[in-house]
Amino acid sequence: MKEKQIKIEPADIERLAGIYPDMNEAQLEEIALGEKMGLGFSSYADASLSAEEMKAKREELDDKRHRAVTAFECRYFYGAMKYLDLFMSTREALFESLILEKNGISYKDIERWASSDGQLQGKMNKLYDNLTKDKLVCDIFEDGAKRLPEKYAEIVRGIKVEETPFATAVSFPLTMTADVYKTFGKGAFDTNEKVNVTPETRFIIKNKLASYSETYFSVALNSDEFSIAIAAQPNRSATKSDADLAVAIIDSTHIWYDNAAKYIDVTPFTKGLRS
């Protein structure tokens with residue numbers, strides 16, 4: 001919480017002076033601030049520390065709590081950034097955005113937003129707008145007549161899937177250095193940075209020995225110049241049927257989003273996944 005929002009009363013200083021008789025008024029003000037902020041001020045309630053040193057420790061404690069509360073609220077926030085959530089952890093992106101907010105936000109802000117309808121989603125929408133402001137979004141998923149640019153369609157046609165008794169793996173016809181982002185299971189995800197990807201690189205999308213092996217997944221290869229992702233998703237039709245396989249591509253000017261079934265047989269990817 002910002003200091004200017006906290007009012008220290010003379011009675012606060014008088015009371016604390018009785019507890020810490022060896023401290024001057026500036027030191028006692030730092031103790032009072034920590035107390036009103038709900039911090040563990042006892043960790044810096046030391047007369048040997050200057051008021052400036054106390055302030056630094058108080059701000060460090062507040063920053064740690066800010067990060068902890070923000071991480072907790074983001075962990076249980078299920079908002080999404082359409083298209084971009086195939087390429088990055090929505091929760092991590094929101095966390096970083098809130099932590100780095102230039103105008104400054106407090107842990108109290110995070111708690112208030114989390115308990116208010118739509119507040120965190122509003123922050124997510126703002127982040128999405130910032131990340132896509134220089135891109136033209138082309139969602140042609142449901143347009144049977146439109147296709148990806150041929151250079152990208154060729155890549156999608158080259159995606160291969162391999163099934164073994166224990167797993168299903170996918171490979172891309174690309175040679176690049178990429179950050180690999182995968183989602184799997186119930187809300188699980190991981191990121192591997194600076195991976196040297198070749199057409200022989202196999203990414204496991206289903207492990208038959210794992211719990212919840214028959215579940216939706218996504219795999220994204222991210223680089224500054226070009227990114228591609230595939231994702232098994234619930235079918236958009238009103239009736240229950242096999243899942244869809246979406247493909248998304250980001251280049252310097254566009255975000256493309258399409259149905260991979262236009263280019264390849266998606267059955268091996270979506271088999272066992274029902275909408």
Side-chain angles (χ1 to χ4, degrees), residues 77-94 97 121 123-161 168 170-174 176 178-184 187 189-191 197 203 205-206 215-239 241-271 273-275:
F77 176 64
Y78 290 95
M81 292 191 292
K82 191 173 183 180
Y83 313 117
L84 294 186
D85 54 1
L86 302 185
F87 296 92
M88 67 181 71
S89 165
T90 294
R91 296 168 186 169
E92 286 186 357
L94 179 62
S97 175
Q121 185 60 59
K123 289 289 182 178
M124 180 71 79
N125 294 342
K126 180 180 178 181
L127 177 60
Y128 174 82
D129 290 341
N130 288 337
L131 292 173
T132 61
K133 62 183 179 182
D134 297 324
K135 307 288 186 185
L136 177 63
V137 176
C138 296
D139 185 339
I140 56 175
F141 192 99
E142 295 182 354
D143 191 330
K146 292 185 179 180
R147 296 289 188 273
L148 295 169
E150 180 55 30
K151 61 180 178 179
Y152 297 149
E154 184 178 359
I155 292 173
V156 178
R157 286 193 291 266
I159 295 175
K160 296 180 179 178
V161 63
T168 303
V170 62
S171 59
F172 296 82
L174 296 166
M176 62 188 296
D179 294 340
V180 180
Y181 174 68
K182 295 174 62 179
T183 66
F184 49 90
F189 64 89
D190 65 34
T191 302
V197 179
F203 300 97
I205 56 175
K206 296 179 186 178
T215 189
Y216 297 111
F217 66 86
S218 68
V219 181
L221 309 181
N222 293 311
S223 74
D224 292 337
E225 298 80 21
F226 172 81
S227 300
I228 183 170
I230 60 171
Q233 299 179 340
N235 193 289
R236 294 189 179 188
S237 67
T239 58
S241 59
D242 289 339
D244 285 330
L245 185 71
V247 57
I249 292 173
I250 300 177
D251 60 20
S252 60
T253 56
H254 289 73
I255 297 175
W256 298 91
Y257 185 77
D258 203 357
N259 187 344
K262 295 179 184 179
Y263 312 93
I264 57 175
D265 176 13
V266 301
T267 304
F269 300 89
T270 61
K271 184 171 57 178
L273 302 179
R274 301 289 288 176
S275 298

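On a predicted model such as this, the values are computed, not experimentally measured, just so you know. If you read the sequence from its start, that first residue is 1, and numbering goes on from there.
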Report the relative orientation of the aromatic rings in F203 and F172; use parallel for angles under 30°, tilted for 30 to 60°, perpendicular for over 60°. perpendicular
F226 backbone acceptor or donor facing D224 side chain under 3.5 Å: no
Just wondering, do E154 and V156 contact through their side chains at under 4.5 Å, heavy atoms? no
Does L148 offer a backbone N or O that forms a donor-acceptor pair with the side chain of K262 under 3.5 Å? no
Do you know which two heavy atoms are closest between Y263 and A153, and how far apart they sit? CE2-CB, 3.7 Å
Do side-chain atoms of K206 reach the backbone of F269 as a donor and acceptor pair under 3.5 angstrom? yes
What is the minimum heavy-atom distance between N259 and L245, and which atoms define it? OD1-O, 3.5 Å
Quick one: pull up CD1 in I250 and CD1 in I228 and give me the separation to the nearest 0.5 Å. 11.0 Å
Looking at CG of L174 and OG of S223, how far apart are the two atoms once the value is rounded to the nearest 0.5 Å? 9.5 Å
Sub-3.5 Å donor-acceptor pair from the side chain of T168 to the main-chain atoms of I205, do we have one? no
Any side-chain heavy atom of I159 sitting closer than 4.5 Å to one from P173? yes
Could you measure the distance from the CE atom of M88 to the OG1 atom of T183? Nearest 0.5 Å is fine. 13.5 Å
Assess whether ring pair (Phe, Tyr, Trp, His ring centres under 6.0 Å) is satisfied between F217 and F184, documenting all intermediate values. CA-CA 5 Å; F217 66 86; F184 49 90; over 10 Å; no
Closest heavy-atom contact between S218 and A231? CB-CB, 3.6 Å
Look only at the side chain of N222 and the backbone of F87, and say whether a donor-acceptor pair between them is shorter than 3.5 Å. yes
Can you name the nearest heavy-atom pair linking Y257 to Q233, along with the distance? OH-OE1, 2.7 Å
Between CZ of R147 and CG of D258, what distance do you get to the nearest 0.5 Å? 7.0 Å
May I ask you to test the T253-L136 pair for a side-chain heavy-atom distance under 4.5 Å? no
Rounded to the nearest 0.5 Å, how far apart are OH of Y128 and CG of L131? 9.5 Å
Taken to the nearest 0.5 Å, the spacing of D143 CG from C138 SG works out to 11.0 Å
Does K135 reach the main-chain N or O of D251 with its side chain, forming a donor-acceptor pair under 3.5 Å? yes
Correct closest heavy-atom pair for P234 and D244 would be O-OD2, 3.9 Å
Taking all heavy atoms of A248 and all of L86, pick out the closest pair and write down the distance. CB-CD1, 3.8 Å
